[in-house]
There are 2 protein chains.
Amino acid sequence: MGERRENKKRETRQRISDVATELFFARSFEAVTLDEIAAAANVSKMTVFNYFARKEDLMLDRQDDLKLLFFREAIRARPQGQSPIAELRALMGRLREQKHPFAHFDRHTADFWRFVAASPSLEARLRELNDEAAEGLAIELAGPNPDGLARLAAGMIVLTVRTARQEAVSVFERRGSAKKANAVFFALIDQGFAAVQGMAATDARGQSS
Amino acid sequence: MGERRENKKRETRQRISDVATELFFARSFEAVTLDEIAAAANVSKMTVFNYFARKEDLMLDRQDDLKLLFFREAIRARPQGQSPIAELRALMGRLREQKHPFAHFDRHTADFWRFVAASPSLEARLRELNDEAAEGLAIELAGPNPDGLARLAAGMIVLTVRTARQEAVSVFERRGSAKKANAVFFALIDQGFAAVQGMAATDARGQSS
DNA sequence: CGTTGATATTGTACCCGGTAAATATTTTCG
DNA sequence: CGAAAATATTTACCGGGTACAATATCAACG
């Protein structure tokens, strides 16, 4: 209902996001005010808030929503007999082949993450998104009202991805090698996921619900 | 140097903290402004900021600093041959016996954590403190510049404690039983710690640095 | 005791992110 | 077109947090 309108909305949203990103990179996240962004995008400050609830969302827009979406889709579509965690591991492999930013580290992704790491409020928002993703993953693993173990497993998965990403970026920055960065990333993914898999399996044997 | 002065400082700090806590519980964290707190404590807003860098620190003052301190102490004092993670597990057991708030759940602790959970900014600050604790723990485990695996292990330990605490509080709220809450807490602690222990052990066998 | 230097404390003025509510503008659709 | 609904803007405000200068308080020393 309302095609032209929706186009315009998407356009406005994109313009705001683009303008903001440009300003942020030119200076820094904290140095650019919302008033500036609004002015540069030819809208009012309120309009910016219409599209992005928080300033941080101008940069982190749906980073983790998307991650969760991938996770969900993969788990639901997994072949019979495949454990959810094994499937997630497989998903990461597929993302690597596609060189998707979630599982591939190069100059561009490293720049992005370094920028995020430089801003306390972006980091904070990222932690929040991570938590939300973990909660969503727990629900995917164990239905609504997941128990403690499911929540712990989901948290560990998300933590593993985050830590692996941090290490990959760090290695890239220090060594300049995308190859080594990706190797580190997947080494940690494997270790973290295996630990979680082991934990869940032990529990399944130890107590039948 | 300056005894009287230091006493007065501690006094002032305590008064501010007490007054703030009271006001927060009477209304809510967000509903109480710093101006109010300052007025109620007979100091200026600036003085409040002198003692507490952020509003959140009025409630979470050193929650996790203290946790890290415990961890550090335990790891350093552990008997030879004991793995750090096993020692941390033992530490949690000791804290339980002392009914220390970190490892014991009753009406009082549940009230506190429910209050924290009700405030987004308190939750955010808590996540930040958790991250700092994890980083500190990683350094304790693997020296300065810990590698990815150490950081992952430390993150998982902290995550386990956090998740276990959340579940314990949740159980207490639903069932009203401190006994069950504590049981849930330690069940999760055991599972999480075991998974991390397994991960570290596997790595030590798999690759010699 | 009184001066000096350090340290706490305060006042003032401001910035910025975010919210609320009324108003204006645009778009859709009958 | 004209009314209704959705969006956008204006304006005014709140509250946490910072910067900076001014001032009070205290310890120490001659």
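Just so we're on the same page: letters track the sequence lines, and every chain starts at 1.
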Exercise. Indicate yes or no: does A/Asp131 engage A/Arg127 in a salt bridge with an N to O separation below 4.0 Å.
Key: no
Exercise. May I have the distance from B/Ile37 (atom CD1) to C/dT10 (atom C1'), rounded to whole angstrom?
Key: 18 Å
Self-check item: Protein-nucleotide distance (A/Phe49, atom CZ; D/dT7, atom C1'), rounded to Å
Solution: 17 Å
Quiz item: Separation of B/Phe52 atom CZ from D/dT18 atom P, in whole Å?
Solution: 15 Å
Self-check item: Whole-Å gap separating P (C/dC16) and CD (A/Glu56)
Solution: 15 Å
Quiz item: Using a cut-off of 4.0 Å on non-hydrogen atoms, how would the nucleic acid contact of B/Val32 be classed: base, sugar-phosphate, or nothing?
Solution: sugar-phosphate
Practice problem: Check step by step if side-chain contact (heavy atoms from CB on, under 4.5 Å) holds for B/Val169 and B/Phe112. | Solution: CA-CA 10 Å; B/Val169 169; B/Phe112 175 80; over 6 Å; no
Quiz item: Got a salt bridge between A/Asp61 and A/Arg13, using NZ or NE/NH1/NH2 to carboxylate O under 4.0 Å?
Solution: yes
Self-check item: Pair A/Asp106, A/Thr109: side-chain N/O donor-acceptor within cut-off below 3.5 Å
Solution: yes
Quiz item: Just to confirm, is there a sub-4.0 Å distance from OP1 or OP2 of D/dA8 to any side-chain nitrogen or oxygen of A/Tyr51?
Solution: yes
Quiz item: Looking at D/dT9, C/dC16, C/dG18, which one has an atom nearest to any side-chain atom of A/Thr47?
Solution: D/dT9
Quiz prompt | Distance test, side-chain N/O of B/Asn50 to OP1/OP2 of C/dA8, below 4.0 Å | solution = no
Quiz item: How long is the line joining NZ of A/Lys55 and C1' of C/dG18, in whole Å?
Solution: 12 Å
Practice problem: Starting from the 5' end of DNA chain C, give me the residue, A/Leu34 or A/Met46, whose nearest nucleotide shows up first. | Solution: A/Leu34
Quiz item: Could you give the CZ-to-P distance, from B/Arg13 to C/dT7, as a whole number of Å?
Solution: 19 Å
Quiz item: Atom NZ of B/Lys45 and atom C1' of C/dG11: how far apart are they, to the nearest Å?
Solution: 11 Å
Practice problem: Send over the distance from B/Asp35 CG to D/dT18 P, rounded to a whole Å. | Solution: 15 Å
